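Below you'll find the structure, written out as C-alpha cells, and then a few comments.
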There are 2 protein chains.
Amino acid sequence: MKNKAARLQSIREIIIHSRVKSQEEILQKLIEQGFDLTQATLSRDLKQLRIAKVPGNDGSYVYIMPEIGSVGKLMQEKMGDNPQRHIPGGFISINFSGNLAVIKTRPGYAGSLAYDIDSNTPPEVLGTIAGDDTVLVILEEHINHQQALLALSPFIPEV
Amino acid sequence: MKNKAARLQSIREIIIHSRVKSQEEILQKLIEQGFDLTQATLSRDLKQLRIAKVPGNDGSYVYIMPEIGSVGKLMQEKMGDNPQRHIPGGFISINFSGNLAVIKTRPGYAGSLAYDIDSNTPPEVLGTIAGDDTVLVILEEHINHQQALLALSPFIPEV
DNA sequence: ACTATATTTGAATAATTATGCGGCAAATAT
DNA sequence: ATATTTGCCGCATAATTATTCAAATATAGT
C-alpha cells in the first residue's frame, strides 16, 4: 500500500489529465497504478481534495478540480506526512513576489522543471512560464508564500 | 405545473442565495414556492443548468453555480469533449490572479495569441509574455476580473 | 382540427456516492 | 512498557442522485 499523499497526487493528475466520469473509473486507474483502495476511501479523498462531479455539456458528468479554497486542507494534509519528493536537477533557488514565484535553475533546466510542475498542477498554481534558467510560477490569488512553498515543495529540494 | 423556465430560474436563485447541500433541500424550497415536481425532475434540471455539488470547507457539501473564477477549469472541461470544434488561436483557458491573467493555449499557440493581443492593445493590458502554451497578460492595476475578461474577450471564445 | 414528433414528467429503480462502525497500526502520552 | 490518542481504511449499508420506462403534454406541419 503506497502512502496517502502519493495517492492524492495521483488522483489530482488523473482528474487534470483525463476525463473521468465516475469514482469507479478513477478507482480503476488508481488500481492500475498499483494503489490498493476501495471506493469508500476514494470518496473520502475526493472530499478532502474538494473535487467535484459536474454536469458536462455532452450530457454526462465529469470530475474536475475545485475552484479556490482547498488550500487550508491541502496544506494540513501535506504537513502531516513526509512525502518522498523526487528532486529534479538544476534547482538553484526560489523567491516570491506577490502572487508570483521565481525559481532559478542551472541553465537549460527551467523547461523541464516547469514541465514537471505543469503536469502535476497543484490547485495553487495557475501556470508557469519557463525561460532558460528561470521559471515564473503564477499562483492563485490569496495564496500566501508559505502555502505556495508547500504546494511547490514536491518539485524542489528540502525547503 | 408551472413553467419550466420559471422553475429553472428559481433553482438558480436558490443556489445563489442559499447554501443547500442536497437535492432534497432544493426540492423543499421549490415546493414551498409552489412548484410541483419530484427529485427526478430536479436532478434533470440541475444537470441542464450544470449545477454541481462540491465538497465544502465545512466538511459537508454545497451546490454551486459555475462562476467566474472557475472559468478556466470549466472551460477546459467544456472543450475537452468537443475536439473537433476549432478554437481560435489554440485557446484553452483563462484564469486570473491579481493584476495578471494566465491564458493557457495548445502547445505552440501562445506566441501568436500574445501577438494578437499586443497588436490590438486594449488599454487595460500593459503587456504580455508568452511561453509555449501559456500567455501571461499583465493588466492595469485596478482592473477587475470581469473588466479584464471583457477586454480580452475578442481573443478568446465565448466565455 | 388531426396526426406526427418532440419534450417533459413521475414512479420506480438503478447507479452512484457518502458514511457509521470497528479494526488496526503508528504516534504520543502516562 | 503500557495505555491512549489519532489517522486511515474496508465493509456494509445508508443516503443520495441519475436514469429507464411509460404516459402525459406540448409543438409543428398540413
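Here the structure is a predicted model, which is why all the values come from computation and not from measurement. All chains are named by letter (A, B, ...) in the order of the sequence lines, taking the proteins before the strands, and each is independently numbered beginning at 1. Just so it is clear, the values below take in all heavy atoms, side chains as well, and ignore hydrogens, waters and symmetry mates.
In terms of the side chain to side chain donor-acceptor pair (under 3.5 Å) criterion, residue partners of Glu25(A) (sequence neighbours excluded) are, by chain and number, Lys21(A). Partners of Val62(B) under the side chain to side chain contact (heavy atoms under 4.5 Å, CB included) rule, at least two apart in sequence or in another chain, are Arg19(B), Ile64(B). Residues meeting the side chain to side chain contact (heavy atoms under 4.5 Å, CB included) test with Ser43(B), sequence neighbours left out: Gln23(B), Gln39(B). Looking at residues two or more places apart in sequence or on another chain, you find a side chain to side chain contact (heavy atoms under 4.5 Å, CB included) between Leu8(B) and Lys4(B), Ile11(B), Asp45(B), Gln48(B), Leu49(B).
With values rounded to the nearest 0.5 angstrom, Arg7(A) atom CZ is found 8.0 Å from Leu42(A) atom CG. Rounding to the nearest 0.5 angstrom, the gap separating the CD atom in Gln33(B) from the CD1 atom in Ile31(B) is 11.0 Å.
Residues Tyr61(B) and Ile15(A) do not share a hydrophobic cluster, defined by chaining ILVMFWY side chains whose heavy atoms lie under 4.5 Å apart.
Each end of the helix from dA1(C)-dT30(D) to dT30(C)-dA1(D) yields a helix axis from five base pairs, and these two axes differ in direction by 40° (to the nearest 10 degrees).
When rounded to the nearest whole Å, the span between CD1 of Ile26(A) and C1' of dA18(C) equals 14 Å. Rounding to whole angstrom units, CZ of residue Phe35(A) and P of dG10(D) are separated by 13 Å. Regarding Leu8(A), its CG atom lies at a distance of 11 Å from the C1' atom of dC8(D), rounded to whole Å. Following rounding to the nearest Å, Lys4(A) (NZ) and dG7(D) (P) show an atom-to-atom distance of 10 Å. When the P atom of dA24(D) is taken as reference, atom CG of Asp36(B) falls 16 Å away, rounded to whole Å. Residue Ile11(A) contributes atom CD1, which lies 13 Å from atom C1' of dC9(D) at whole-angstrom precision. The interatomic distance linking Arg7(A) (CZ) with dG7(D) (P) rounds to 15 Å, in whole Å. Between Leu37(A) atom CG and dC8(D) atom P the separation is 14 Å, expressed in whole Å.
For the pair Lys53(A) (side chain) and Ser22(A) (backbone), a donor-acceptor distance under 3.5 Å is absent.
For the pair Val135(B) and Ala110(B), the tightest heavy-atom approach, listed with the atom from each and the gap, is CG2-O, 3.3 Å.
Nucleic acid contact class of Leu42(A) (heavy atoms, under 4.0 Å, all strands): none.
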Check: How does protein contact run along nucleotides 15-22 of chain D, one letter per nucleotide 5' to 3', with B for base contact, S for sugar-phosphate only, - for none, heavy atoms under 4.0 Å?
Finding: -SBBBB--

